[in-house]
Amino acid sequence: MGTEPSRSDEPRVVRLASATDLDGFRRACRQLIARGVLPEQVTWETGLAAEPDLFGSEPSHLDRAVVEPVPDGEGQCTLRVPEAFATLCASVVLHRDSTRFGLLYRLLWRLQHDSGLRHDPLDPDRLALTRMAHSVHRDQHKMKAFVRFTRIEPGVDVECPQAEPLHVAWFEPEHHIVEAIAPFFVRRFTQMRWAILTPERCVRWNGSQLEFNPGAGRNDAPPADAGEKLWLTYYRNIFNPARLKLRMMQKEMPKRYWKNLPEAALIGPLSAQAQQRTAAMIDGAPTVSTRRRPLVAAPVIVRAAAVAVAAEGLHGLAELREATERCRACPIGQHATQAVSGEGPLSARVMFVGEQPGDQEDLHGRPFVGPSGQLFDRALADLGWARGAVYVTNAVKHFKYELRGKRRIHKTPSQQEAAACLDWLEREIDLVQPAALVALGATAARSLMGAPVAVMKDRGRWLIRNDGRRVLITLHPSALLRAEPAERDAAYEAWLDDLREAASFAPGRTA
Ligand code: URA
């Protein structure tokens, strides 16, 4: 601030329009700071109900001047706050704790008077507010992951007279997050008509507009239905006993959510059978390929991919595929059924690069057709991108695995193996000339960038290669398949958000 305001000891009550009135809070702060009102002199109220405040100890506020936040500019000063404080405010106002506005104002006041404070991450006010923000984020993740819709057929419910079914869910968030999270559900279920009922606030989407209403009771939401039965069957089927980590699961899916989660009833029985089922999986039917593609016209075993490319004078993807098939620059090729080269049109503007073919890809000779591929296809469909318009390939062209019982279990390729395959990948890039590359996971990112990439840190960001091409970093779909069931939906949404970064290179729409 330009001039130091004179301090005011006069107590004030600030009435915000609602529990999450961030705009009103900002305007009130500018007024209060302009008038030099000390944090301990302010009581914060939201909506009609007074929220007792940590810093206003008196039971009645009738003797206090009421501050109604005025429009921008009137009697306000311009505040300079660190960006991190603005971000913190946006989350903390959603917290249920009635002291949140008082704490935020106190930190803001202190930031105005002590500029060194912005560099002190251990300041107790800042720590308390950061904890609140984390709690809000966790609650938002839980809501994304644990909302379960029940389908109401048209005509069954007077509330739902239209020709389309309505999907209704009941959820009990810990904080005031319904309005903030609604756009997520709009993006995720744009084509559906849905309503989420909560004790404090309800939200409804009619396919084109969001509507917010007062809270509802548990009985206003429909009971379990056939859709739920289908979900339970799906849950039973995707439950992988070999990946069960019970303690982690309970941490991610705290018991307070269980009563509204139909699948919670399955966790006990499925966990009890986990050991037995894992043993059966290991002893189960083999997936080892029964057919090995012969090396076509391979008079010599080439020692390096680059030599093969140069020597054979390749001009097109078909030739490149044939040469890749013959590559034995590393030991993986000896054991795989066949090399799996990329596929897609030469005109593709974006190239997705995975790690290496999996069991199914090895058998079919095509990239991303197994479980990871199915998730990848779902993501493209959700983004409205046509798979036929993108180029999909891998950093390593042969399937590396180890035999466990009769099953072929994926093994991560070593750096040397990925390096041996690099020329095949670079050759594909030269032929396709994509405007942008998307690295799915660490192996792809390393191969494309020529150096290790911290995928979790850089996910959703563009890095620039030496050749000037942009590389979007994100997770490999198998990381999402491995995620705890309770985290999967949120992880998937975050992945879509990463991929959306490539929207400007968006290939032909599917619809
Ligand atoms: N994982 C990959 O990285 N690529 C595939 O083609 C399949 C699974």
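Index from 1, following the sequence. When a ligand or atom number is given, it counts from 1 through the structure's own listing order.
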Discussion item. Strictly below 4.0 Å, N to O, side chains only: are K142 and E172 in salt-bridge contact?
Written reply: no
Item to complete: Go through ligand 1 atom by atom and flag the ones less than 4.0 Å from a non-hydrogen atom of P367.
Response: 6 (O)
Worksheet item: To the nearest 0.1 Å, how far is atom 6 (O) of ligand 1 from its closest protein heavy atom, and which atom is that?
Response: F368 N, 2.8 Å
Got a list of side-chain donor-acceptor pairs under 3.5 Å for residues 85-94, not counting sequence neighbours?
{"from": "T87", "atom 1": "OG1", "to": "E83", "atom 2": "O", "distance (Å)": "3.0"}
{"from": "S91", "atom 1": "OG", "to": "H137", "atom 2": "NE2", "distance (Å)": "2.9"}

Fill in: Ionic contact status for E402 with R404, cut-off 4.0 Å
yes
Worksheet item: So, is the end of the R188 side chain (NZ or CZ) under 6.0 Å from the ring centre of Y492 and within 45° of the ring's axis?
Response: no
Worksheet item: When only distance counts, is Q356 in polar contact with ligand 1, meaning an N/O pair under 3.5 Å?
Response: yes
Item to complete: Mark up the atoms of ligand 1 that fall under 4.0 Å of a heavy atom belonging to G354, in ascending order.
Response: 3 (O)
Response to the item:
the protein heavy atom lying closest to atom 4 (N) of ligand 1 turns out to be N394 OD1, 2.6 Å
Item to complete: Verify whether one side chain among Q433 and R349 offers a donor that lies under 3.5 Å from an acceptor in the other.
Response: no
Item to complete: Any atoms of ligand 1 less than 4.0 Å from a non-hydrogen atom of H476? List them with their elements.
Response: 1 (N), 2 (C), 3 (O)
Worksheet item: So, does D139 use its side chain to make a donor-acceptor pair with the main chain of P173 at under 3.5 Å?
Response: no
Worksheet item: Counting each atom of ligand 1 from 1 as listed, which ones have a heavy atom of E355 under 4.0 Å away?
Response: 2 (C), 3 (O)
